[in-house]
Enquirer: 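Quick one: the structure is below, questions incoming.
Start at 1 and go down the list; that is how both ligands and their atoms are numbered.
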Amino acid sequence: MSEESKPEASKKGKGKAKREEGELNNISGALVEQLLKANPSLAGEMQGMEPKKIEEMMKGMNLQDILTGMSTGGKNQKDMASYKFWNTQPVPKFGEDEPLPDGPLRENDLARVKTVGAELIEGFEWDTVDLMDDQQVREVYELLSHHYVEDNEAMFRFNYSASFLHWALKAPGWIKNWHVGVRVTSTKKLVAFISGIPVTLRVREHVLQCSEINFLCIHKKLRGKRLAPVLIKEVTRRCNLESVWNAIYTVGVVLPRPISTCRYFHRSLDWLKLYETGFSPLPATSTKAKQVTKYALPAKTATKGLREMEAKDLDAVHDLFTRYMQRFDLVPKFSVEEVEHWLLNGGSKYDERIVWTYVVEDEGKITDFFSFYLLESSVIAKKETIRAAYLFYYASETAFSKSPDAKKELKVRLNALVHDALILAKKLDFDVFNALTLLDNALFLEEQKFGAGDGSLHYYLFNWRTSFINGGIDDKKNIDQERGSGVGVVML
Ligand SMILES: CCCCCCCCCCCCCC(=O)SCCNC(=O)CCNC(=O)[C@H](O)C(C)(C)COP(=O)(O)OP(=O)(O)OC[C@H]1O[C@@H](n2cnc3c(N)ncnc32)[C@H](O)[C@@H]1OP(=O)(O)O
């Protein structure tokens, strides 16, 4: 948790409060030291643990796991054998030796895919949620708004709006059968959900037709009953039926085995509101007035030629986006139609606006664009909401500069653009601006006064092996400006 901000339920769960390295007694050894250096939060975990137990815990980790300091131990990670479900799935295991060539982990055989779902326990039934029906979208909204991701202290919960769900789950090419629900047979109440949407990904040099899995949610009363694996297997079956054998998903907890890990950062826009809702603490060395001044922003943007993106910009933005994305290892390959959907708010057909995109036009040429989307979080005890802007996709021609100072130029340009994004978000009444350490974000987070959150977001690929992709942080979870990130997929 940063001194400055106590992030809300940042996407997919939270890290926990940091523990001190000094808490560890009795244990020595170069590997333990190395592990703790990379992941200080393990110190508390190991406190008072039998050396043998520590040895056992470390057996399941390879050097990559240790050095990332993310895909290792802590509250989040169990030893491989305890992942009773994930152990049976085509995902890379902890402790497996690298490097191996990139490729699938399981053979694809359409003939072996079951045509009906596994039976659910008595009293429950499968359903395909029809998102063309507003009433059913409302049901998903109700389930998520009461039971989806919360922070560790259950102070904040994501509040994905109905408009957001329309946008997120009906992307071009969406498949109704991938919106999987579980209902109570007698009342038809929706009690669990998982979704997939089709996406073409490039993972290093391979292009994969994937499903992007999201919104896995089980009613609180049905937790701990091994329903999640049943839902995951069902959505897998439905994807396989469409000959889709790979998936991408992000989760706040460690599962076997992340292909990358990014960290959340938060930039206060309305510090006082964040303080009053319990989101941001008042640092001991500061005052309320100082905090407000620290995060004050000018009234007007500064970039010449900055304006909202319009439909006429689609081809130019698509072209710039595609070229910019070639610089990363894990990226979505969007068609023009997908760019329109994701950046122009699905053609603005929803009740509420979800995404804002701005372009910079210079003598008729689009040189840059950036976008952010709205995702509210409920302040559970206060019946209030925090309006959070999440940095989405962006690109800049500056990235293609041939100058020896190219990186510096990109840094200057991105700082100017993101500063304007903050000003616009503030004008739109957002309370906080969130970003991960992916894309080129490492170049501007500190300068734009983003504070480190305690949440990490782990990226996973189903049925695909590839070596670890840098997530924009070093082995101490600090921003890594030098290496940056290879991750170019922003998950909602
Ligand atoms: C080709 C196509 C492939 C498509 C599929 C690709 C894979 C997609 C994978 C899904 C991507 C989702 C992306 C998102 O939406 S991430 C957002 C997840 N949702 C939430 O956090 C909302 C609040 N929490 C809940 O609703 C429940 O706690 C959930 C549903 C998370 C677990 O329910 P419950 O707490 O009642 O647990 P259980 O007793 O049924 O099951 C326990 C087993 O489930 C494993 N578990 C726990 N949490 C997660 C998790 N977030 N991803 C994957 N696995 C998870 C756990 O390690 C254990 O397995 P193992 O340790 O024994 O092995």
Enquirer: Is Y249 touching ligand 1 with its side chain, its backbone, both, or neither, if touching means heavy atoms under 4.0 Å apart?
Expert: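 Within the 4.0 Å criterion, Y249 contacts ligand 1 through side-chain atoms alone.
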
Enquirer: Ignoring hydrogens, just give me the one of S195, A228, G252 whose non-hydrogen atom is nearest atom 44 (O) of ligand 1.
Expert: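 Ranked by closest heavy atom to atom 44 (O) of ligand 1, first place is A228.
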
Enquirer: Show the atoms of ligand 1 that are less than 4.0 angstrom away from any heavy atom in L227.
Expert: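 In order of numbering, the contacting atoms are 40 (O).
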
Enquirer: Charged N to carboxylate O below 4.0 Å: is that the case for R157 and E150?
Expert: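 Yes, this pair counts.
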
Enquirer: Pick out which of I213, L105, V91 makes a side-chain contact (heavy atoms from CB on, under 4.5 Å) with F462.
Expert: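 Option passing the side-chain contact (heavy atoms from CB on, under 4.5 Å) with F462: V91.
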
Enquirer: Are any of the N or O atoms of R223 closer than 3.5 Å to those of ligand 1?
Expert: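 Yes, since at least one N or O of R223 sits under 3.5 Å from an N or O of ligand 1.
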
Enquirer: Can you name the atoms of ligand 1, numbered from 1 with element, that are less than 4.0 Å from a heavy atom of V244?
Expert: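 Those qualifying, in numeric order: 1 (C).
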
Enquirer: Taking 4.0 angstrom as the limit and counting only heavy atoms of C217, give me the atoms of ligand 1 inside it, by number and element.
Expert: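 Under 4.0 Å from C217, ligand 1 has these atoms: 26 (O).
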
Enquirer: Considering T236, N214, V149 one by one, which has a heavy atom nearer to atom 5 (C) of ligand 1 than any of the others?
Expert: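 Nearest option to atom 5 (C) of ligand 1, by heavy atoms: T236.
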
Enquirer: Quick one: sort the F372 and F370 rings into parallel, tilted or perpendicular, breaks at 30° and 60°.
Expert: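 If you compare the ring of F372 with that of F370, the planes turn out parallel.
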
Enquirer: Numbering the atoms of ligand 1 from 1, which are under 4.0 Å from a heavy atom of K84?
Expert: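 Those atoms are 60 (P), 62 (O), 63 (O).
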
Enquirer: Taking distance alone, with no angle check, do I194 and ligand 1 share an N/O pair under 3.5 Å?
Expert: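 Among all N and O atoms of I194, none is under 3.5 Å from an N or O of ligand 1.
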
Enquirer: Only counting residues at least two apart or in another chain, list the ones meeting side chain to side chain donor-acceptor pair (under 3.5 Å) with D102.
Expert: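 If we apply the side chain to side chain donor-acceptor pair (under 3.5 Å) test to D102, skipping adjacent residues, the hits are T466.
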
Enquirer: Are N345 and Y373 linked by a side-chain donor-acceptor pair shorter than 3.5 Å?
Expert: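 Short answer, no.
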
Enquirer: Any N or O on R226 sitting closer than 3.5 Å to an N or O of ligand 1?
Expert: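 Yes, R226 has an N/O under 3.5 Å of an N/O on ligand 1.
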
Enquirer: Fit a plane to each ring of Y264 and H266, take the angle between them on a 0 to 90° scale, and name the class: parallel (under 30°), tilted (30 to 60°) or perpendicular (over 60°).
Expert: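 Parallel: the ring planes of Y264 and H266 meet at under 30°.
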
Enquirer: Going by heavy-atom distance to atom 53 (C) of ligand 1, choose the closest among L255, V251, L144.
Expert: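 Residue with the shortest heavy-atom distance to the ligand atom: L255.
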
Enquirer: Heavy atoms only: which of W86, F158, F215 is nearest to atom 54 (N) of ligand 1?
Expert: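 Shortest heavy-atom distance from atom 54 (N) of ligand 1: W86.
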
Enquirer: Tell me whether K382 is salt-bridged to E276, with the criterion being a basic N under 4.0 Å from an acidic carboxylate O.
Expert: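 No, this pair does not count.
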
Enquirer: Answer side chain, backbone, both or neither: which part of E150 comes under 4.0 Å from ligand 1, heavy atoms only.
Expert: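 None of E150 does.
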
Enquirer: Have a look at ligand 1 and work out which part of Y148, if any, has a heavy atom under 4.0 Å from it: side chain, backbone, both or neither.
Expert: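 Both backbone and side chain.
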
Enquirer: Between the candidates C239, P229, A247, C210, which shows the shortest non-hydrogen contact distance to atom 41 (O) of ligand 1?
Expert: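 Going through C239, P229, A247, C210 one by one, P229 has the nearest heavy atom to atom 41 (O) of ligand 1.
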
Enquirer: Any heavy-atom pair between the side chains of M325 and L439 that's under 4.5 Å?
Expert: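 SC-SC contact between L439 and M325 confirmed.
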
Enquirer: Is the closest N or O pair between G224 and ligand 1 shorter than 3.5 Å?
Expert: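 Between G224 and ligand 1 (N or O atoms, distance only) the closest approach is under 3.5 Å.
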
Enquirer: Tell me which part of N246 gets within contact of ligand 1: side chain, backbone, both or neither, using heavy atoms under 4.0 Å.
Expert: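 Backbone only; the side chain of N246 stays clear of ligand 1.
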
Enquirer: Just checking, R267 and F265: is the charged tip under 6.0 Å from the six-membered ring centre and within 45° of the axis?
Expert: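 Verdict for F265: no cation-pi partner in R267.
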
Enquirer: Closer than 4.0 angstrom, basic N to acidic O: yes or no for D133 and R138?
Expert: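 Looking at D133 and R138, the cut-off is not met.
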
Enquirer: Which of these passes side-chain contact (heavy atoms from CB on, under 4.5 Å) with I194: T236, L216, V182?
Expert: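 Per the side-chain contact (heavy atoms from CB on, under 4.5 Å) rule, the option paired with I194 is L216, out of T236, L216, V182.
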
Enquirer: Please confirm whether T250 approaches ligand 1 to less than 4.0 Å, judged on its heavy atoms.
Expert: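 Under 4.0 Å: yes for T250.
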
Enquirer: Decide whether an N or O pair under 3.5 Å exists between I218 and ligand 1.
Expert: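 Yes; at least one N/O pair falls below 3.5 Å.
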
Enquirer: So if I count the atoms of ligand 1 from 1 in the order they appear, which ones are less than 4.0 Å from some heavy atom of H147?
Expert: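 Heavy-atom distances to H147 below 4.0 Å select 22 (C), 23 (C).
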
Enquirer: Do the side chains of E234 and R237 get close enough for a salt bridge, i.e. N-O under 4.0 angstrom?
Expert: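 Salt bridge flag = yes for R237 with E234.
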
Enquirer: Could you list the donor-acceptor pairs under 3.5 angstrom formed by side chains in residues 222-233, with sequence neighbours left out?
Expert:
| from | atom 1 | to | atom 2 | distance (Å) |
| --- | --- | --- | --- | --- |
| R223 | NE | I218 | O | 2.8 |
| R223 | NH2 | H147 | O | 2.7 |
| R223 | NH2 | I218 | O | 3.0 |

Enquirer: Which atoms of ligand 1 are found less than 4.0 Å from any heavy atom of W245?
Expert: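 Close to W245: 1 (C).
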
